[in-house]
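In what follows, every chain begins at residue 1, and chains take the letters A, B, ... in the order their sequences are listed.
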Amino acid sequence: MTSAGAHIKQPTPILHIDMDAFYASVAVRERPELWEVPVIVGGGYRGVVLSANYLAREHGVRSGMPATRARRMCPQAVVVAPDHELFGRVSTAVVETFRRVTPLVEVVSLDEAFLDVSGSVRRLGPPAEIAEQVRATIHDEQAITCSVGVAATISVAKLASKRAKPDGVVVVPPEGITTFLHPLDVGELYGVGEKTRAMLHRLGLVTVGDVAHTPVRTLQRAVGDHLGRHLHELAWGDDRREVVAGSSGAFGLGGGEPDRSMGAQETFGRDVDDRTVVLRELLRLTSTVTGRMRVAGVAGRTVTLTVRFADFTTITRSRTMSEATDVTQEVYRTATALYDALGLQRARLRLVGVRVEGLAPRESVHHQHVLGEREHGWSEADRAVDRAARRFGSAAVRPASLLS
DNA sequence: TCTGGGGTCCTAGGACCC
DNA sequence: TCTGGGGTCCTAGGACCC
C-alpha cells in the first residue's frame with residue numbers, strides 16, 4: 001500500500017463462488033446428448049428435485065420441489081439419478097482450484113465456497129480479475145460454469161453471486177453496498193426463509209431497505225431478539241464474519257468445526273404401521289450413525305428420535321443419558337424406548353430418524369459406556385463389525401434382524 | 001405418487017441450584 | 001416473609017440452509 005493510502009482501510013475482498021446448477025451441470029457434462037434438454041437430478045419415488053438445469057427452470061422447476069410436481073411442470077425433462085461420488089470428485093477438484101488462488105477457502109457445500117483473496121491481489125491482480133481467472137480455469141478444467149460475487153463482506157458477496165447467475169461476475173464496491181442491498185426483497189437476506197418473509201411482508205417490510213429503516217426493537221418483537229438484530233445489521237451490510245479456512249458445512253473437507261450432532265433418517269417407500277418394521281429401520285439408522293461416530297472418534301449423550309406421520313406432522317422425542325456413548329446397542333435401546341413411549345397404536349409413519357447430539361471426542365468422555373466394560377461387550381462387537389466392514393464392505397456384516 | 005436428507009441455531013418453559 | 005434473579009440443563013418445536 002502506498003503511503004498516501006496507508007490510512008485508508010482497504011475493504012477485504014471476498015469472493016463467493018457458486019457453481020451453476022451444479023448437479024445438473026455435471027450430469028449433462030457426462031451425457032452430452034442432454035445438452036439441449038431440460039434435466040432434473042433426483043426426484044425418485046417420494047423424492048425432491050436436487051438440481052435442475054436452466055432449461056428445466058424455464059418451466060418453473062426448482063430444487064427442493066417435490067419430484068411429482070416438477071414432472072407435471074416439465075414432462076419432457078430427463079430425470080437423472082444423482083451420482084454423489086462423482087459430484088464429490090468434481091467438487092474436490094474445484095476446491096483444489098480455489099486453493100491455488102488462496103489458502104483462505106471456506107467450503108460451504110459441494111458447490112459453494114468463500115475465498116478471502118486479500119493476500120492474492122499482489123500476485124493475481126484485482127479481485128474482479130481473480131474472479132474471471134477462476135471462472136476460466138473451472139470452465140477449462142471441469143467443463144462447467146460458475147458465478148462469482150465480489151464484495152467486502154461475506155453476506156454481500158453471497159448476494160452478489162446470486163445476481164451474477166448464470167455464468168457471470170458481480171462486483172459490489174464498498175460505496176455501492178446500500179444501493180445494491182436496499183432494493184432487494186427481504187427474502188434474499190440470509191436467515192429469512194418463507195415464514196419470516198411472510199411475517200415481514202405482513203408488517204409492510206418488503207425490501208431490505210424497509211428493514212434497514214425499521215427500529216431494531218420493532219424487528220425483534222416481530223422475529224425474535226437474535227434474528228431481529230441480525231437482519232438489521234445485514235440490511236446495512238454490517239457483517240463482521242470472516243472467511244475461515246476449512247469447511248463450514250458437514251462435508252468433512254477438513255479444518256472446520258467438528259460436528260455437533262450426527263443423525264440419519266429415512267422416508268419409507270410406503271407408510272408403515274408395523275412396530276417390527278419401524279424398529280428394524282431404527283436399528284439400521286442407528287448403526288449407520290454410530291458407525292460414523294466411531295470413524296469420527298466421537299461419542300454423544302442425547303438421543304433424539306424423529307417420527308413423521310402420514311399427514312406430514314413431525315414430532316421429536318429426546319433423552320439425555322448420563323454418559324456419552326458410541327455403542328450401537330445403547331443408542332438403539334434409547335431410541336426404542338423413546339419410540340415405545342409414544343404409545344402409537346396403528347399410526348401410519350412416513351419417516352423415522354435417529355440423531356445423537358452433544359458429541360465430544362471419545363477420549364474426553366467417561367469410559368464405562370464408551371468402552372462398554374460393564375456392559376455386554378457390545379462395544380467390542382461394534383469394533384469387530386467396523387473391522388469386518390472395512391475389509392469386506394459394509395454389506396458383509398449387519399445385525400441379524402437386518403438380514404433379508 | 002406432494003413435500004429428501006444432512007445439518008445448525010434459536011426460543012421458551014420447567015427444573016434445579018445458588 | 002408474599003413472591004428476586006440469574007445461570008444451566010433438559011426437552012420440544014420450529015425456522016433455516018445446502
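- A heavy-atom distance below 4.0 Å to DNA chain B is reached by these residues of residues 225-236 of chain A, ordered by number: A:Asp225, A:His226.
- Among the heavy atoms of the strands lying under 4.0 Å from A:Arg260 are primed sugar atoms or P, OP1, OP2 only; no base atom is included.
- In terms of phosphate contacts, A:Ser109 brings no side-chain nitrogen or oxygen within less than 4.0 Å of OP1 or OP2 of C:dC17.
- Between C:dC18 and B:dC2, the two P atoms lie 29 Å apart (nearest whole Å).
- Side-chain atoms of A:Asp111 lie closest to C:dC18 of the nucleotides C:dC18, C:dA12, C:dA15.
- Base orientation for C:dC2: anti, the chi torsion being more than 90° from 0.
- Between A:Thr304 and C:dA12 there is no side-chain N or O to OP1 or OP2 distance below 4.0 Å.
- Where DNA chain B pairs in unbroken runs of 3 or more (Watson-Crick or G-U, both distances under 3.5 Å), the stems are B:5-18 with C:5-18.
- The closest side-chain heavy-atom distance from A:Ile14 to A:Leu115 is not below 4.5 Å.
- Taking atom CD on A:Glu112 and atom C1' on B:dG6, their separation rounds to 15 Å, with Å as the unit.
- Remark: of the listed residues A:Arg355, A:Glu357, A:Arg319, A:Glu357 is the sole one forming a side-chain hydrogen bond (donor to acceptor under 3.5 Å, both in side chains) with A:Thr304.
- Rounded to an integer number of Å, the gap from CD1 of A:Ile315 to P of C:dA12 is 9 Å.
- Taking atom CG on A:Asp18 and atom C1' on C:dC17, their separation rounds to 12 Å, with Å as the unit.
- Contact annotation: A:Ser318 reaches the phosphate of C:dA12 (side-chain N/O to OP1 or OP2, under 4.0 Å).
- Contacts between residues 183-191 of chain A and DNA chain C, defined by a heavy-atom separation below 4.0 Å, involve A:Leu189, A:Tyr190, A:Gly191, listed by number.
- For A:Ser155 and A:Asp239, the side-chain atoms include at least one donor-acceptor pair closer than 3.5 Å.
- Judged by the 6.0 Å distance and 45° axis criteria, A:Arg270 is not positioned over the aromatic ring of A:Phe268.
- In the set C:dT11, C:dC16, C:dC18, the nucleotide with an atom closest to the side chain of A:Lys158 is C:dC18.
- As judged by a 4.0 angstrom heavy-atom cut-off over every strand, A:Arg72 is placed among residues making no nucleic acid contact.
- If you take CZ of A:Arg241 and P of B:dC9, they are 11 Å apart, rounded to a whole angstrom.
- As a whole-Å value, the separation of A:Leu110 CG from C:dC17 C1' is 14 Å.
- Under the ring pair (Phe, Tyr, Trp, His ring centres under 6.0 Å) criterion, A:Phe114 pairs with A:His16, not counting sequence neighbours.
- In this structure, A:Arg301 reaches the C:dC10 phosphate: one of its side-chain N or O atoms is under 4.0 Å from OP1 or OP2.
- Using a 4.0 Å cut-off between charged nitrogen and carboxylate oxygen, A:Lys165 and A:Asp167 do not count as a salt-bridge pair.
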Without placing hydrogens or testing angles, list every side-chain donor-acceptor pair under 3.5 Å for residues 337-351 of chain A, not counting sequence neighbours.
from	atom 1	to	atom 2	distance (Å)
A:Asp340	OD1	A:Arg275	NE	2.9
A:Asp340	OD1	A:Arg275	NH2	3.4
A:Asp340	OD2	A:Arg275	NH2	2.8
A:Arg346	NH2	A:Asp273	OD2	3.3
A:Arg348	NH2	A:Asp271	OD2	3.2

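- A:Thr97 meets the side chain to side chain donor-acceptor pair (under 3.5 Å) test with A:Glu141; sequence neighbours excluded.
- Listed nucleotides: B:dT8, C:dT11, C:dA12. Nearest to the side chain of A:Thr320: C:dT11.
- Side-chain N/O atoms of A:Thr328 and A:Thr290 include a donor and acceptor closer than 3.5 Å.
- A:Glu33 meets the salt bridge (charged side-chain N to carboxylate O under 4.0 Å, His left out) test with A:Arg31; sequence neighbours excluded.
- Remark: A:Asp116 engages no residue in a salt bridge (charged side-chain N to carboxylate O under 4.0 Å, His left out) (not counting sequence neighbours).
- In this structure A:Lys195 satisfies the salt bridge (charged side-chain N to carboxylate O under 4.0 Å, His left out) test with no other residue, sequence neighbours excluded.
- Atom C1' of B:dG4 sits at a distance of 16 Å from the matching atom of C:dC16, rounded to the whole Å.
- Residue pairs satisfying the ring pair (Phe, Tyr, Trp, His ring centres under 6.0 Å) criterion with at least one member in residues 191-231 of chain A, sequence neighbours excluded, are listed as follows: A:His182-A:His213, A:His213-A:Trp236.
- In this model, the phosphate group of C:dA12 is not approached by any side-chain N or O of A:Thr316 to a distance below 4.0 Å at OP1 or OP2.
- A straight line from CZ of A:Arg270 to C1' of B:dC2 spans 17 Å, rounded to a whole angstrom.
- Summarising the geometry, the separation between CZ on A:Arg317 and C1' on C:dG13 is reported as 10 Å, rounded to the nearest angstrom.
- The separation between A:Ile40 atom CD1 and B:dC2 atom P is 17 Å, rounded to whole Å.
- Partners of A:Arg69 according to the salt bridge (charged side-chain N to carboxylate O under 4.0 Å, His left out) rule, which considers only residues two or more places apart in sequence or in another chain, do not exist here.
- Relative orientation of the A:Tyr23 and A:His84 rings is perpendicular, given thresholds of 30° and 60° on the angle between their planes.
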Check nucleotides 3-5 of chain B against the protein and report each pair of N or O atoms closer than 3.5 Å, with its distance, or say if there are none.
from	atom 1	to	atom 2	distance (Å)
B:dT3	OP2	A:Arg350	NH1	3.2
B:dT3	OP2	A:Arg350	NH2	2.8
B:dT3	O5'	A:Arg350	NH2	3.2
B:dG4	OP1	A:Arg350	NE	3.4
B:dG4	OP1	A:Arg350	NH2	2.9
B:dG5	OP1	A:Thr267	N	3.1
B:dG5	OP2	A:Thr267	N	3.1
B:dG5	OP2	A:Thr267	OG1	2.6

